Asks: 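The structure follows.
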Amino acid sequence: MQVGVLALQGDFREHLNALAQCGVQGVEIRTPAELDKIDALIIPGGESTTIVSLAKTFDVFEQIKKRIADGMPTYGSCAGMIMLADHIVAAKDGQETFGGIDITVRRNAFGRQVDSFESDISAPAISKSPIHAIFIRAPWVEKVGKSVEVLASYEGSDGASHPVAVRQGHLLATAFHPEITDDFSVHRYFLEKVCS
Ligand code: GLN
């Protein structure tokens, strides 16, 4: 199985490193031809509005959207979660996504860059031990559709618990960044459970 990491912007190198730690040699994806060769995709953290505009410039936006709709296993962290959401709030005017997961995410829900934080969260389907989660201008999930499985939640500043890791069949998304920790259980879960 060939796993690609969308390498237009954001922390794609950290995802490649996480894959390598799981024994998988990932490939950087920037062109339609590179996209044709992969079986699964990771969309990194970064800035979703920039990822959209670069995906259009590099002519891969529609192709990625179609591959996702056709069943390509895909994992998105943070900005990648936003890219996989069917709906966004606090979006930039007219901001598009690849979509695929029946969720509404709120961009920058946990606050601005200065409000970034780390916490251990429980996600029993992914790992028996708590996952060390790093949130950086992170979104949270405000609404989930019937076919979405919530894998982890976290309490926001509004005092309510919000999903921060979700799965819908072949699609996985986290509001946090496992790729910048040395806990690769989310990547292992993606490779072993979502891609199989
Ligand atoms: N707030 C960013 C966005 O809207 C996501 C931040 C991140 O990926 N760390 O795309």
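Keep in mind it's a predicted model, so treat the numbers as computed, not measured. Order of listing sets the numbers, starting from 1, for every ligand and every atom in it.
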Asks: Suppose we call two aromatic rings close when their centres sit under 6.0 Å apart. Are Phe176 and Tyr154 close by that rule?
Replies: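 No.
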
Asks: Heavy-atom contacts with Cys78 under 4.0 Å: which atoms of ligand 1 show up? List them by number with element.
Replies: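 Checking each atom against Cys78, I get 5 (C), 6 (C), 7 (C), 8 (O), 9 (N).
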
Asks: Please work out whether any backbone atom (N, CA, C, O) or any side-chain heavy atom from C-beta onward of Thr49 is under 4.0 Å from ligand 1, and answer side chain, backbone, both or neither.
Replies: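 It is neither part, as no heavy atom is under 4.0 Å.
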
Asks: With heavy-atom distances below 4.0 Å as the criterion, list the atoms of ligand 1 near Ile82.
Replies: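 Counting atoms of ligand 1 from 1, those under 4.0 Å from Ile82 are 3 (C), 4 (O), 10 (O).
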
Asks: I need the atoms of ligand 1 closer than 4.0 Å to a non-hydrogen atom of Ser48, numbered in the order shown.
Replies: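 Checking each atom against Ser48, I get 3 (C), 4 (O), 10 (O).
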
Asks: Numbering the atoms of ligand 1 from 1, which are under 4.0 Å from a heavy atom of Ile136?
Replies: 6 (C), 7 (C), 9 (N)

Asks: Please confirm whether Ala79 comes within less than 3.5 Å of ligand 1 when only nitrogen or oxygen atoms on both sides are compared.
Replies: yes

Asks: Classify the side-chain pair Glu118/His132 by whether it contains a donor and acceptor separated by less than 3.5 Å.
Replies: yes

Asks: Are there over 12 heavy-atom neighbours, none belonging to Lys143, within less than 6.0 Å of that residue's NZ?
Replies: no

Asks: Is there a donor-acceptor contact under 3.5 Å linking the side chains of Gln21 and Asp182?
Replies: no

Asks: For atom 1 (N) of ligand 1, what's the nearest protein heavy atom and its distance?
Replies: Asn108 OD1, 2.6 Å

Asks: For Leu151 and Leu172: C-alpha separation, side-chain torsions, deciding distance, then whether side-chain contact (heavy atoms from CB on, under 4.5 Å) applies.
Replies: CA-CA 10 Å; Leu151 304 174; Leu172 173 70; 3.6 Å; yes

Asks: Side chain, backbone, both or neither: which part of Arg107 comes within less than 4.0 Å of ligand 1 when only heavy atoms are counted?
Replies: side chain

Asks: Relative to the heavy atoms of Gly46, which atoms of ligand 1 are at a distance of less than 4.0 Å?
Replies: 2 (C), 5 (C), 6 (C), 7 (C), 8 (O), 10 (O)

Asks: Knowing that exactly one of Val148, Thr174, Leu171, Leu84 qualifies, which makes a side chain to side chain contact (heavy atoms under 4.5 Å, CB included) with Val166?
Replies: Val148

Asks: Suppose I only count heavy atoms of Gly45 and a 4.0 Å limit; which atoms of ligand 1 are within that range?
Replies: 8 (O)

Asks: What do you reckon, are the aromatic ring centroids of Phe110 and His162 less than 6.0 Å apart?
Replies: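 So the answer is no for these two rings.
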
